[in-house]
Amino acid sequence: MKESVLEVKEFDFYIGKNQILNKIDLTFSRKQVTAIMGPSGCGKTSLIRCINRMHELVQDTKVEGQIRFYGKNIFEMDPILLRRKIGMVFQRPNPFPTMSIFENVIAGYRLNGIKLKKADQNRIVEESLKKAALWEEVKDGLHRKGTFLSGGQQQRLCIARALAMNPRVLLLDEPTSALDPKATDHIEELIVELKKTVTIVLVTHNIAQASRISDFTAFLYIGELIEYGSTQKMFTVPEDKRTEEYLTGKFG
Amino acid sequence: MKKSAIGARIIKDRLFTGIIFAFSAALIIPLIMILSHILQKGASSITPAFLTHLPAPVGEAGGGIYNAIIGTLYLVGLASLLSVPIGMATGIYMSENKNSKLSYFVRICVEVLQGTPSIVVGIITYLWVVKPMGHFSVLAGGIALGIMMLPVIIRSTEETLNLIPHSLKEASLALGVPYYRTILKVIVPSAFSGILTGILLGVARVAGETAPLLFTAFGNPFINYNILKPMASLPLMIFTYATSPYEEWHNYAWGASLVLIGFILALSLITKGVTRR
């Protein structure tokens, strides 16, 4: 296994009195795509949200155990700095409605009050949009509102916005669940391309998607990690009976 | 179902639609009557001199309501300056902390404040500001009107912010943007038109208030820019002139009413324009 970027160790997560995650142990390798799959309510979104501490937006949550980012416990880091290094893309595209495409991409800098020269801004916007495979489609209308784009384009805009901050890890929380098949294809190709530069954690309830684009897969079921390993192995010879049943569509 | 039963339903339906229509139409009638009456009586007084001159003494021709127009703008401006920051901050707090004890308490206070008669607000401001200072002032008037604007602004801020999708806040926070910047630079700008509507509604509401100004801004036949001195305003002037025994002052009052209504109408139209965008 390659160098690890994120390690989840004996990790428990509670919302109120409900235990959502139970003793999760997972390692995410550098520049690989790791898919987290499982039926609804298995805790996969909770897990990915804990990785950049977005779970703290919800009241009355509690974590136990550790998540280590390059060896450092993230719960001892400043969440603001952590989130700049671990970018996130959500289920539904959420570009800022008051901003243009250009402003959306550069939003991470502007909103943080980081001053950039005009030339640097242009460079970052162009690079990020190219990485997100959106440049060709929008380069002539960078100052139009981001909300005029199609759903798939908006989602790629959100990916560009996250990439602009130059994160080490990109968390994708069911990024294609609100998109049509064609836009989904586009995003999947993009994810495969992106892993050259960034470590990707992908939450999906789409088994086929996990098999198509991930290098490693984790299968969560009712808050527990049932199986974790290379995607190829898990989809051909799953170790656990529950994994096999899930993959063959017996439940989920 | 039997044919006659359906027929009865159709008749009921038509009847109901008719009643709603009739009442809506009936509502417009008094409104048009008021407007046309004021227009009839007031339009003749509106001349450039009427808008740019100070009132003339009884018996003298000419004179205008310049001091009252400036006074109303001054008072409303001051009231906005005082109530907009406080109201917006309160609205943001309540929208962000929906279930806190303070929010619950503030929500009740806002409801009570909204239902408080304006004359009571005037008396309270008199006790708080005018009495300790020893004299009437623009400041006291601005505070009284500001208190009356507060509930409108708080409500509209809170309600607009509640409509902003949670996903925007997440998007901003996930970029490593601190909470306060997320609120100020993402959430509030997204809610801008709604908040502005609330502010304009608040302004429109207090621009015509007379009662709270009786004990606070008091009135002034001259122009005054000193915040610590009394100042005229359109509603006060209308009140004074309309209750006077002089015919020409009655005409002044009609003219001033028309100006005031025009001002509020303009604000409503601006509000409509802003919300449509």
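Reckoned from all heavy atoms, side chains included, excluding hydrogens, waters and symmetry mates. By convention in this document, chain letters (A, B, ...) are assigned in the order of the sequence lines, proteins followed by strands, and residues within each chain are numbered from 1. None of these values were measured; they are calculated from a predicted model.
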Among the listed options A:Arg92, A:Met99, A:Arg161, A:Met88, the residue most often paired with chain B at heavy-atom distances under 4.5 Å = A:Arg161
Chain B contact via A:Arg110 - which portion, at a heavy-atom distance below 4.5 Å = backbone
Chain B interface, residue from A:Gly113, A:Pro95, A:Gly87 that has the most non-hydrogen pairs under 4.5 Å = A:Gly113
If one checks every heavy atom of A:Pro79 against chain B at 4.5 Å, the contacting part turns out to be neither
For each of A:Leu171, A:Thr98, A:Ile80, A:Asn112, tally heavy-atom pairs with chain B at distances under 4.5 Å, and name the one with the top tally.
-> A:Asn112
Under 4.5 Å from any heavy atom of chain A - which part of B:Ser172 | both
Do any N or O atoms from the side chain of A:Asn73 and from the backbone of A:Arg68 form a donor-acceptor pair under 3.5 angstrom?
-> no
Which atoms of A:Leu111 come close to chain B, meaning under 4.5 Å heavy atom to heavy atom: side chain ones, backbone ones, both, or neither?
-> both
Stepwise, does the salt bridge (charged side-chain N to carboxylate O under 4.0 Å, His left out) test hold for B:Glu158 with B:Arg107?
-> CA-CA 10 Å; B:Glu158 189 199 359; B:Arg107 202 162 287 131; 2.9 Å; yes
Output yes when a side-chain donor or acceptor of A:Asn104 lies under 3.5 Å from a complementary backbone atom of A:Phe96, and no otherwise.
-> yes
According to the interplanar angle, ranging from 0 to 90°, do the rings of B:Tyr225 and B:Tyr74 count as parallel (below 30°), tilted (30 to 60°) or perpendicular (above 60°)?
-> tilted
Cation-pi, A:Tyr70 ring and A:Arg168 (6.0 angstrom, 45 degrees) = yes
Which atoms of A:Ile86 approach chain B - backbone, side chain, both or neither, heavy atom under 4.5 Å = backbone
Output yes when a side-chain donor or acceptor of A:Thr204 lies under 3.5 Å from a complementary backbone atom of A:Asn206, and no otherwise.
-> yes
Look at B:Leu184, B:Thr182, B:Val186, B:Leu175 and state which one has the largest set of heavy-atom pairs under 4.5 Å with chain A.
-> B:Leu175
Looking at A:Pro97, A:Pro167, A:Ala162, which has the largest count of heavy-atom pairs under 4.5 Å with chain B?
-> A:Pro97
Output yes when a side-chain donor or acceptor of A:Gln91 lies under 3.5 Å from a complementary backbone atom of A:Asp173, and no otherwise.
-> no
